[in-house]
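See structure below.
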There are 2 protein chains.
Amino acid sequence: MIAGMSDTLPAARQLRRLVADRLRRGILEGRLTPGTWLRQEQIAREMGVSQMPVREAFRELAAEGLVVHEPYRGVRISSLTLADVRDVYAARAAIEALAIRAAATEITADELGTLRQLAAKMKRRLAPKHLAEYRDLNRQFHTVIFKASRRPYLIRLLEQLWTAFPAMLLDSFRKTAATPLPDRDTDDIAEHEAILEALSRHDPDAAEAAIRVHLEETVRHLTATLDEETPARALAEPLALAAGERSR
Amino acid sequence: MIAGMSDTLPAARQLRRLVADRLRRGILEGRLTPGTWLRQEQIAREMGVSQMPVREAFRELAAEGLVVHEPYRGVRISSLTLADVRDVYAARAAIEALAIRAAATEITADELGTLRQLAAKMKRRLAPKHLAEYRDLNRQFHTVIFKASRRPYLIRLLEQLWTAFPAMLLDSFRKTAATPLPDRDTDDIAEHEAILEALSRHDPDAAEAAIRVHLEETVRHLTATLDEETPARALAEPLALAAGERSR
DNA sequence: GGCGATCATATTGGATCTAATATCCGATCT
DNA sequence: AGATCGGATATTAGATCCAATATGATCGCC
């Protein structure tokens with residue numbers, strides 16, 4: 001058992017966590033574009049901290065794969081192609097499938113209750129204007145499930161996969177950001193309920209099948225939408241937190 | 001595509017990498033026992049460096065899951081139960097299955113050649129005295145395969161999984177360390193050749209099936225061996241690099 | 001005598017400073 | 001003219017110093 005998994009979220013009382021979160025968001029939301037060098041001094045200045053927390057944040061992001069580190073040169077934002085996005089989902093699907101099998105037998109009535117509540121809330125949050133909230137609920141939904149597996153290692157891995165590439169990543173793709181869940185909403189809901197139902201019956205096979213369908217559909221829909229606007233993350237203007245671009 | 005994946009191994013010219021590697025080995029080889037607090041000052045002193053590279057190394061290990069970080073308290077070595085070991089393998093199996101499907105169509109004649117050479121070498125390295133070398137070859141074998149997938153994200157993930165928990169981990173379990181591959185050798189070889197054969201035919205389904213069998217057998221054998229000596233990592237005396245244990 | 005607050009100590013986390021390394025540019029030599 | 005070597009500059013990596021925080025012990029109070 002991997003101890004200390006609690007995750008009580010006293011959260012960003014550490015500077016480096018704060019910096020990491022901010023950078024992560026910048027990257028995932030597409031404000032910081034792939035290929036850009038992240039200069040520790042500049043970022044430190046912009047965020048009003050010293051270089052050290054920035055450096056530590058870099059380490060964290062590198063471990064998650066959001067940036068790549070080049071010794072004595074710095075870190076730069078990784079470029080994700082559509083293929084990578086597919087792989088992220090595929091990997092997550094594979095691991096979530098493992099987790100949900102365990103969850104099916106381990107999940108408590110309590111947790112099933114929360115899942116039902118989450119599913120219900122999501123139904124009411126379909127409007128585009130609630131998109132961010134919807135995504136958050138979706139993540140919670142999946143999180144409750146894989147935590148119910150009671151398998152610390154899988155949980156840790158999945159948490160890593162989710163924080164590095166939450167649905168938010170999609171914001172960096174133009175059309176997806178514009179048309180949130182076109183025609184996907186109702187299917188999404190139905191799939192969630194299928195998962196929920198399988199879990200209620202404590203049926204591992206059904207649960208695994210259900211989540212596989214769900215994730216496959218999601219990625220299928222996603223790639224279909226994205227294929228149309230091939231140059232992934234073509235746009236994404238640097239905003240507030242624009243990192244150093246000059247040739248050095 | 002995740003850039004900068006080259007991995008040319010100029011390796012440990014950075015202190016922190018060196019420190020991280022040394023700690024990692026200490027943990028995986030069982031010299032540093034689970035639950036132990038790692039004190040940055042002490043380790044820095046013992047390794048003759050300042051605390052900073054140690055801190056950075058900690059963050060790296062934390063990302064890999066080998067240690068857990070508790071804010072303002074430090075990091076301590078994660079305790080892995082048998083169940084965790086199983087999950088590590090299961091996760092790796094799932095992702096390697098994804099990778100090998102891609103590899104089956106992408107792999108070059110060159111790479112197939114290297115695989116054949118590796119397989120041949122392994123045949124000649126079955127003796128217990130060559131155990132370490134055998135494991136290294138095995139890792140190379142798998143690495144060549146998943147790199148042939150040409151899927152940067154999967155490659156990165158698998159590399160992470162392997163460095164965090166190479167076969168070396170087994171050294172921490174008594175019996176396994178003593179009886180290296182009891183009765184497993186010949187099967188192992190056969191399975192490798194099945195994989196190789198499927199890849200030569202560029203048959204994704206067969207390749208996936210073969211690697212699944214291989215990994216399942218490995219983990220089955222592993223757990224069977226380990227179950228007998230339940231308290232995982234009970235022994236493992238601190239050696240050269242013994243970290244602080246006192247109650248603080 | 002037990003319980004709670006306060007202070008002491010140890011240790012991490014952050015800031016600042018210095019050294020190592022890489023890139024860029026110009027001078028020099030062939 | 002082209003290439004190569006050497007220095008200048010920018011930037012990361014490491015060391016040291018200081019502040020924030022957690023734990024444990026002591027003292028006082030009920």
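Just so it is clear: chains get the letters A, B, ... in the order the sequence lines come, proteins before strands, and each one is counted from 1.
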(message) Under a 3.5 Å threshold, yes or no: a donor from one side chain and an acceptor from the other, between A:Gln42 and A:Trp37?
(response) no
(message) Restricting to side-chain contact (heavy atoms from CB on, under 4.5 Å), what partner residues turn up for B:Ala97, sequence neighbours left out?
(response) B:Glu208, B:Arg212
(request) Measure the distance from CD1 on B:Ile43 to C1' on C:dT12 and round it to the nearest whole Å. (result) 13 Å
(message) Using OP1 and OP2 only, check whether a side-chain N or O of B:Arg73 sits under 4.0 Å from C:dT11.
(response) no
(request) Could you state the atom-to-atom distance from CD of A:Gln40 to C1' of C:dA20 in whole Å? (result) 14 Å
(message) Using five pairs at each end of the helix from C:dG1-D:dC30 to C:dT30-D:dA1 to define an axis, what is the angle between those two axes, to 10°?
(response) 10°
(message) Rounded to whole Å, how long is the line connecting atom CD of A:Glu70 with atom C1' of C:dT21?
(response) 14 Å
(request) State which residues pass side-chain contact (heavy atoms from CB on, under 4.5 Å) with B:Glu41; sequence neighbours excluded, sorted by chain then number. (result) B:Arg45, B:Gln51
(request) Figure out the CD/P separation between A:Gln42 and D:dT11, and round it to whole Å. (result) 9 Å
(request) Identify, with sequence neighbours excluded, every residue that meets side-chain contact (heavy atoms from CB on, under 4.5 Å) alongside B:Ala148. (result) B:Ala103, B:Ile107, B:Glu111, B:Arg150
(message) Run the salt bridge (charged side-chain N to carboxylate O under 4.0 Å, His left out) test against A:Glu60 and tell me which residues pass, sequence neighbours left out.
(response) A:Arg24, B:Arg59
(request) Report yes if a side-chain nitrogen or oxygen of A:His69 is closer than 4.0 Å to either non-bridging phosphate oxygen (OP1 or OP2) of D:dA13; otherwise report no. (result) yes
Write out a two-atom table: protein N or O, nucleotide N or O from nucleotides 14-17 of chain D, distance below 3.5 Å.
| from | atom 1 | to | atom 2 | distance (Å) |
| --- | --- | --- | --- | --- |
| D:dG14 | OP1 | B:Leu15 | N | 2.6 |
| D:dG14 | N7 | A:Arg55 | NH1 | 3.3 |
| D:dG14 | N7 | A:Arg55 | NH2 | 3.0 |
| D:dG14 | O6 | A:Arg55 | NH1 | 3.3 |
| D:dA15 | OP2 | B:Ser50 | N | 2.9 |
| D:dA15 | OP2 | B:Ser50 | OG | 3.0 |

(request) Considering only NZ, NE, NH1 and NH2 on the basic side and carboxylate oxygens on the acidic side, decide whether A:Lys121 and A:Glu133 come within less than 4.0 Å. (result) no
(message) In whole Å, I'd like the distance from the CH2 atom of B:Trp37 to the P atom of C:dT11.
(response) 11 Å
(request) List for me each residue that meets side-chain contact (heavy atoms from CB on, under 4.5 Å) alongside B:Arg55, sequence neighbours excluded, and say none if there are none. (result) A:Met52, A:Glu56, B:Gln40
(message) Once rounded to the nearest 0.5 Å, what's the spacing between atom CD1 of A:Ile100 and atom OG of A:Ser149?
(response) 10.0 Å
